[in-house]
Amino acid sequence: MIKAVMVMNTQGKPRLTKFYEFLDFWCVVLCSRAENVSNFMEADSIFGPDSRLVYKHYATLYFVFVFDSSENELAMLDLIQVFVETLDKCFRNVCELDIVFNYSKLHTILDEIIFGGQVLETSSAEVMKARISLKLYRISYQNSFWLEE
Amino acid sequence: MGSQGGIGQSKEFLDLVKSIGEARSKAEEDRIVLGEIETLKRRLVEPGIPKRKMKEYIIRLVYIEMLGHDASFGYIHAVKMTHDDNLFLKRTGYLAVTLFLNEDHDLIILIVNTIQKDLKSDNFLIVCAALNAVCKLINEETIPAVLPQVVELLGHQKEAVRKKAIMALHRFHQKSPSSVSHLVSNFRKRLCDNDPGVMGATLCPLLDLINRDVSSFKDLVVSFVSILKQVAEHRLPKAYDYHQLPAPFIQIRLLKILALLGSGDKQSSEQMYTVVGDIFRKCDSSSNMGNAVIYQCICCVSSIHPNPKLLESAADQIARFLKSDSHNLKYLGIDALGRLIKLSPEIAEQHQLAVIDCLEDPDDTLKRKTFELLHKMTKSSNVEVIVDRMIDYMISINDNHYKTEIVSRCVELAEQFAPSNQWFIQTMNRVFEHAGDLVNIKVAHNLMRLIAEGFGEDDDTAYTHLRSSAVDSYLRIIGAPKLPSVFLQVICWVLGEYGTADGKYSASYITGKLCDVAEAYSNDETVKAYAVTALIKIYAFEIAAGRKVDILPECQSLIEELSASHSTDLQQRAYELQAVIALDAQAVENIMPSDASSKEIEIDKNLPFLNDHVERAIEKGAQPYIPESERSGFSNASYLNSQDLHDIPPSHGLRFEAYELPKQPSVPLTTPPISIGSSNELIAVPEPAYDRGNQAAVSVPSSSNSGPAEVKLRLDGVQKKWGRPTYSSSSPSPSAAPSQDTVNGLTVSNGATSVTPAISKGRETTYEPTRKSQVVEISPEKQKLAASLFGGSSKQERKSSLGGGHKTAAKPSGGHGAETSVKKMAVPAQQPPPPDLLDLGETTVATSGPLIDPFKQLEGLLDMVEPTSSTNNHGDVNATKVPDVMASFGDTATAVEHGGNHFSSIEDVDNLMSGLSSATTDVSSDGGIATPQSTAQISKGPNLKDALQKDALVRQMGVNPSSQNPNLFKDLLG
């Protein structure tokens, strides 16, 4: 299962953290790994036994998924891709600032993709549907503008 | 969508985010956040906050938590927000609580009700939000509160709700399988859901369920295969395509399930071959995701009943992965190779060079994965190269966590496949030298045992050669700065045991080295203790051989220093050393027979020598002993009592909390309590009916041998019996000490105490580094490496059995040989201790008067419960009351002989070593510390299992030395 999702920028500032399993402590020092090495790391020493992490570097952001041995590493790497693609669809050319300022929106999207540590939805179109239905709801119920989640 | 500056967010929040973003240091960031916390604390208590503001505050709280600060002061506001009717406020509330709270938080109870209500809502968005929260917040106890609603939602018209309801049920199943075990059929039903999303989600719980119980899902193989087929044929809606691949995540999950279902099941596997083969062929290998699916196929193929054709395509794909430039693919290739290698070992040979490339790759992750692979393919023919590589790598890294792991792997491989003992010792030396602190102490014991026991059935010359080469190597290493403690212990032990054995080195040379060690590592008491004991041995061997002993001046000063040491252990050893030196050759020969460390010591658990006493006691009207099995209630009482230790009257002065035993809730029946009635009134009662204050009801929970000092021993007419139910009275012998002539007591004490007999004998393994140079144009060095790694792979491999079974087998386990050994010991035992030594004993032991010996007081604390019970102090023990002491301890005998505590030490005191034991007696009352002889009996338990049991028992008896001083005789007790 997936244990945690983290997004942080290159300076190590967290931009989003979500844990699906209680982890003792998290101090993420994503070591300065060279460019052309694999995106996988064993993370036992940080996250307890049977943990690995996959990270992907987008511009100024690192996306990190922590999971156990039951998951397929390469698939996780692409799940990051799914997540980012969805964000991209949502924000049109997502950048770090979008993520900083739309913190709760990010969580909503993530909740659609990963649910209780399991991959729930991998089609970004479906994820967007969930968001759209929220939007429709807001319009149809004439909720005040500021209440956008 | 406006993104920057998010709609509805106040300037304050934007400023906060901005200032944190611009913070140059962690300290600055912390300052900003702390300021924010203060602000929020103030704001949140203001009355009449508009909801819009409140929502922002909650988001800010979440933000603070994310930055690693505590926002618990605002949790309650997030909980309140979940009660709001407005969807967006509710969602924010749920988001915040799922991030803030864990499932055991106190506030959950305030949310359960809201969740229940929301699950019934007409608005599916609210239901979804509530399901999100259910997943994170509901724990085992609250599952029943929401379970009916969640089950109902499985039939909801919106697929998004069904999906989440499935996942929520899955979560319940993870938390408490029993709570949803009756709902498994729902998962099966949802597998046929019209919506691919729901079907995909259902695969998660099914994967879990199948993982736990494969057999009950065999009927679904057909369904899974047909789903996989449809997916692979692009039958799902376009929306599920990912980079032109049809629903790869669903494919991966299905392949995982098939791997489980087909494992070891030929019939099921056959149904899968076609579809897996199709995917192999069709899958787009140019994209990341395609490779992920292929990798999963390989995993599946390696797990199900093997099919040559599929294995072939799997091997092809692995080859492609390994040749790829992408490190990710190489990583997967190595991993897949590790899986496939079990089925077709020859595949490794094709890829040997690729594997070696990975081994030399700068990418750490890849390197580690490769070591994992090598670990899997190690055999006797390539163990040397692999372990060598591993150690080199281990030396090069700094990460202690991984270092420990790789060390344990090295040790495991070395023990399992070692081609020769020589090599094993050298390898272990390297491991110890570079990572000694990370090695399990057992490994050190194994090494000592190997050196001591050597080649098993091999001839003596090989023995000696092994030992002297070990001594040589240690003498070379010993000068190196900063050796790890464990390694030094091994070195000291070996030098003490065999340093002078072959006559190559003089005693003074070795002792000089040992003194240097003790001096250089003066902070490490364990090492010093080992060094001193090694000195004792060297001198003892010298004396026994009739040579004159010259004590080096530095050794003399060391002894003097240690006799005044704060550590009672070191003190005792120093006194022992002095005492040994003063003895004559014959006595020394008895105490310290040369090269006896690997002799077995037999223990007769039945303590037949006490039979006489028992019978006499019964004749006098004592009650027969209550069998262990009927004494179950006792332990509880004793623990209750020991928990009351704090209430002990102040007259006892000392209070130590080192005893660990009260924490353990229960004690196995095997813990034999001692029960002694005082003045004939009451005998141990098998119920927990003891009243602490009641001095009549007497029960001594632990094997302490001295009561509170001021309580006079009243043993007249005390009734005692002991022994196990099966106890048979046979050939009583005057005293109990088991064979001493067979044992080099001190030697053993250092050495292989309770060591697993787990040293493998690698001799049978054939080491044939058949070198094949297959590929031309590759650097010869690599080829050589490849050859040594893979060359022997097609050779038949003979695993030498781990665990040195022959050792245990060779020596019949204890118990039976006891009679002989008991007889043998009689000789030294009957020698009256020299008076001067006795005097020596008085100095420390003369605490028969009340309240002097802190250890006794300690005991007193323990025994406070039944003050009259116990045997008295050591003065008496030494003087006259031996049988009584024995009697009172009779029942702890099992524990005693296992754990080595005063019982044995008392024997020793009486029998032989009274002088030597002056310190011992003192120490031993602390529990678990025994004279060398007694320890020797202990250490030579018949096998590992027994040793472990003993150890556990000793712990429960509370006499483990670690409770008082962790270093004390750690080596003795193993």
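Every chain is numbered from 1 and lettered A, B, ... according to where its sequence line falls, protein lines coming before strand lines.
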**Prompt:** Hey, are A:Glu71 and B:Lys256 close enough for a salt bridge, meaning a charged N less than 4.0 Å from a carboxylate O?
**Reply:** yes

By side chain to side chain contact (heavy atoms under 4.5 Å, CB included), A:Asp88 pairs with (sequence neighbours left out) A:Asn93, A:Val94

Polar contact flag, side-chain donor to acceptor under 3.5 angstrom, A:Asp78-B:Tyr242 | yes

For the NZ atom on B:Lys367, are there more than 12 heavy atoms of other groups (residues, nucleotides or ligands in this structure) within a distance under 6.0 Å? yes

Fill in: Side chains of A:Leu74 and B:Met289 in contact at under 4.5 Å (non-hydrogen atoms)
no

Going through the distances and angles, do B:Arg253 and A:Gln118 end up as a side-chain contact (heavy atoms from CB on, under 4.5 Å)?
-> CA-CA 11 Å; B:Arg253 217 170 286 152; A:Gln118 301 292 332; 5.7 Å; no

Exercise. Is it true that A:Glu112 and B:Lys164 make a salt bridge, defined as a side-chain N closer than 4.0 Å to a carboxylate O?
Worked result: yes

If you tally heavy-atom pairs under 4.5 Å between each of B:Gly200, B:Ala201, B:Cys204 and chain A, the highest tally belongs to B:Cys204

Applying a strict 4.5 Å limit to non-hydrogen atoms, the region of B:Gln251 in contact with chain A is neither

So, the part of B:Val198 with a heavy atom under 4.5 Å from chain A: the answer is neither

Honestly, the part of B:Tyr63 sitting under 4.5 Å from a heavy atom of chain A is both

In terms of heavy-atom pairs under 4.5 Å with chain A, the winner among B:Gln174, B:Arg368, B:His170 is B:His170

Of A:Ile99, A:Leu77, A:Val54, the largest count of non-hydrogen pairs under 4.5 angstrom with chain B goes to A:Leu77

From the list B:Leu131, B:Asp335, B:Asp208, the residue making the most non-hydrogen contacts under 4.5 Å with chain A is B:Leu131

If you tally heavy-atom pairs under 4.5 Å between each of B:Gln296, B:Lys330, B:Lys369 and chain A, the highest tally belongs to B:Gln296

Okay, B:Tyr240 and chain A: the region with an atom under 4.5 Å from a heavy atom over there is both

Applying a strict 4.5 Å limit to non-hydrogen atoms, the region of A:Gln81 in contact with chain B is both

Bottom line for B:Ala160: the part with an atom under 4.5 Å from chain A's heavy atoms is neither

Between A:Phe115 and B:Cys135, the two heavy atoms sitting closest are CE2-SG, 3.4 Å

Of the listed B:Leu99, B:Asn211, B:Val293, B:Leu207, the one with the largest count of heavy-atom pairs under 4.5 Å with chain A is B:Leu99

### Task
Decide yes or no for B:Thr365 and A:Arg52: does some side-chain heavy atom of the first lie under 4.5 Å from some side-chain heavy atom of the second?
no

Partner of A:His107 under side chain to side chain contact (heavy atoms under 4.5 Å, CB included), picked from B:Leu95, B:Thr98, B:Asn132, is B:Leu95

Under 4.5 Å to a heavy atom of chain A? For B:Leu329 that would be side chain

Minimal heavy-atom distance between B:Arg91 and A:Thr108, with the atoms involved, is NH2-CG2, 2.7 Å

Minimal heavy-atom distance between B:Ile252 and A:Ala75, with the atoms involved, is CD1-CB, 3.4 Å

